Amino acid sequence: MIPAPATLGMLGGGQLGRYFVMAAHELGYQVWVLDPDTDSPAGRIADRHLCADYGDEAALAELAKGCAAVTTEFENVPAETLAILAASIPVHPSAAAVSVCQDRIAEKTFLKTHGLPHGPFVEIASLEDLRHAPSDLFPGILKAARLGYDGKGQAVVEDRAAAESAWVALGSVRCILEAKLPLDYEISVVLARGQDSTVRAFPSAENRHRNGILDVSIVPAWQVDQNAASLADTACEVAEKLAGCLKYVGTLGVEFFVSRGQLVVNEMAPRPHNSGHYTLDACGTNQFQQQVRALCGLPLGDAHAHSAAVMVNLLGDLWFEAGQEREPDWNKLLAIPGLSLHLYGKQSPRVGRKMGHFTVIGQDSKQVYAHALKARVILGLPDA
Ligand code: ADP
Ligand code: MG
């Protein structure tokens, strides 16, 4: 166990890192953040911001010297960075687990190897591979194997010819071709796994996206009722098994599709997940507190939700009207019962940039949903 007031290292300075810093501070730890951005949300509130690239040897040496353990909020930290740090201090999740999650081919292959549910896919490293791809993968989705997020780095491809031009447009990089599944809906499970292998899964969320970016998370998963309630349980079981196979330590996000009533894993995030932000307001222990506990070898907290919750992302788009920058109407928003507003302290709003979120909680899930819809109207967001 790492006792406070030890210093913890965080790779990445985004909003996920910012909440980690807050959770660590609550428990009396100090946090050093490594992020190349001079003005990162986590760097602003950290005890120290090492402003350097993730591969910067001097910065890594400082982290290794000054921190008792290191974790990440960003899956694209080079696995090599984690391996370098792991030579001197504990790193959770491990470089091995992160490298599975940061490469879509490694990820799907891992699911396949461990008998976990996944959709059909094939690796595409050349036009030749595309020519030989099974025809039942069309219509499909071609995704760059690495570095994609929020729907970026991927294209829907109706047929082989479309896939060939999409592959070139994606930069002729290593890709995965997945069959485009008919989606009933999407859910996710966020869980924490401790150093003693204890797993605590938060209730699953139903997720709805807009323009490839998570828009709303609904807990309990709205459409997961009657016969489908068992799907939510199965999703938790699959996520727990997956975390075990990865020998995972920390907070893990697992995204699922429900396609024709069947549950398949879409992807994993080796860090807290946007769809788990509701845990900040609706759970006794939130996903970031679990991340701190797992990293420090403390017992994990209770993951049950004391309220129904609807979380809505606030993108930079809301800060603009007819091309002019403006401030959204927080006064009206904050008058809604059960609503908490979270802003990440980002300096410049940009279209598609995650600036914050709000969560509405309450005991009656229908009323919570109605309040969230009302909040969306106030902000000028379409129905979810
Ligand atoms: P990202 O890293 O951008 O979140 P995802 O693989 O999760 O990438 O894809 C983003 C969204 O695109 C998914 O949430 C889902 O709505 C849709 N999508 C992705 N893959 C498929 C697929 N194989 N079939 C149907 N829809 C998909
Ligand atoms: Mg995704």
Side-chain angles (χ1 to χ4, degrees), residues 1-35 40-50 63-64 66-75 77 82 85-86 89-95 97-98 101 189-202 239 243 246-254 268-306 342 344-345 359:
M1 185 192 116
I2 298 170
T7 298
L8 308 175
M10 167 51 77
L11 303 171
Q15 59 270 17
L16 302 176
R18 183 178 171 95
Y19 283 110
F20 173 87
V21 174
M22 293 181 195
H25 281 170
E26 275 171 18
L27 280 170
Y29 295 99
Q30 303 191 54
V31 184
W32 289 4
V33 166
L34 176 66
D35 188 296
S40 72
R44 285 173 150 259
I45 64 163
D47 298 277
R48 188 164 169 212
H49 176 196
L50 297 160
L63 269 185
C67 297
V70 173
T71 189
T72 176
E73 61 111 42
F74 169 60
E75 65 266 41
V77 164
L82 300 176
L85 290 169
I89 48 171
V91 175
H92 301 297
S94 68
V98 173
C101 303
V189 173
V190 175
L191 61 74
R193 187 169 181 275
Q195 293 178 23
D196 61 357
S197 308
T198 308
V199 180
R200 294 276 158 82
F202 291 106
L246 285 167
K247 300 191 177 60
Y248 198 85
V249 173
T251 297
L252 174 74
V254 185
M268 297 91 87
R271 50 168 172 77
H273 194 263
N274 194 168
S275 69
H277 284 358
Y278 82 87
T279 65
L280 286 162
D281 297 293
C283 297
T285 315
N286 68 53
Q287 60 170 347
F288 306 97
Q289 293 167 330
Q290 298 288 51
Q291 187 184 21
V292 174
R293 290 177 182 223
L295 180 64
C296 296
L298 301 171
L300 297 178
D302 177 16
H304 108 276
H306 52 66
H342 295 254
Y344 308 145
T359 305

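This is a predicted model, so every value here is computed, not measured.
Using a 4.5 Å cut-off on side-chain heavy atoms (C-beta onward), Val190 and Ser275 make contact. In this structure, Ser40 and His49 have side chains that are in contact, with non-hydrogen atoms separated by less than 4.5 Å. Proximity of Leu8 to Cys296: side-chain heavy atoms (C-beta onward) are separated by under 4.5 Å at one or more points. Looking only at side-chain heavy atoms (C-beta outward), Met10 and Gln291 come within less than 4.5 Å of each other. Using a 4.5 Å heavy-atom cutoff, the side chains of Val98 and Val77 are not in contact. For the pair Gln290 and Thr279, the minimum side-chain heavy-atom distance is 4.5 Å or more. Between Thr7 and Asp47, the closest side-chain pair of non-hydrogen atoms is not below 4.5 Å. Contact check for Phe74 versus Asp35: no side-chain heavy atoms found under the 4.5 Å cut-off.
In this structure, Gln195 contributes its side chain and Ala294 its backbone to a donor-acceptor pair below 3.5 Å. Judged purely by atom type and a 3.5 angstrom limit, Gln287 has no side-chain atom pairing as donor or acceptor with the backbone of Thr251. With hydrogens and angles disregarded, a donor-acceptor distance shorter than 3.5 Å links the side chain of Thr71 to the backbone of His92.
Here Glu75 contributes atom CD and Leu11 contributes atom CG; the two are 12.5 Å apart, rounded to the nearest 0.5 Å. Taking OG1 of Thr72 as the reference point, atom CG of Leu34 lies at 9.5 Å (rounded to 0.5 Å). How far CG of Asp281 is from CG of Asn286: 9.0 Å, rounded to the nearest 0.5 Å. Note: His25 NE2 to Ile45 CD1 = 6.5 Å, rounded to the nearest 0.5 Å. How far CG of Leu298 is from OH of Tyr29: 4.0 Å, rounded to the nearest 0.5 Å. Interatomic distance, CD of Glu26 versus CZ of Phe288, reported as 11.5 Å (0.5 Å rounding).
Side-chain contact of Ser197 with Arg193: a donor-acceptor pair under 3.5 Å is present, judged by distance alone.
The heavy-atom pair separating Gly253 from His273 by the smallest distance is CA-CB, 4.0 Å.
Using cut-offs of 30° and 60° on the angle between ring planes, the pair Tyr19 and His277 is tilted.
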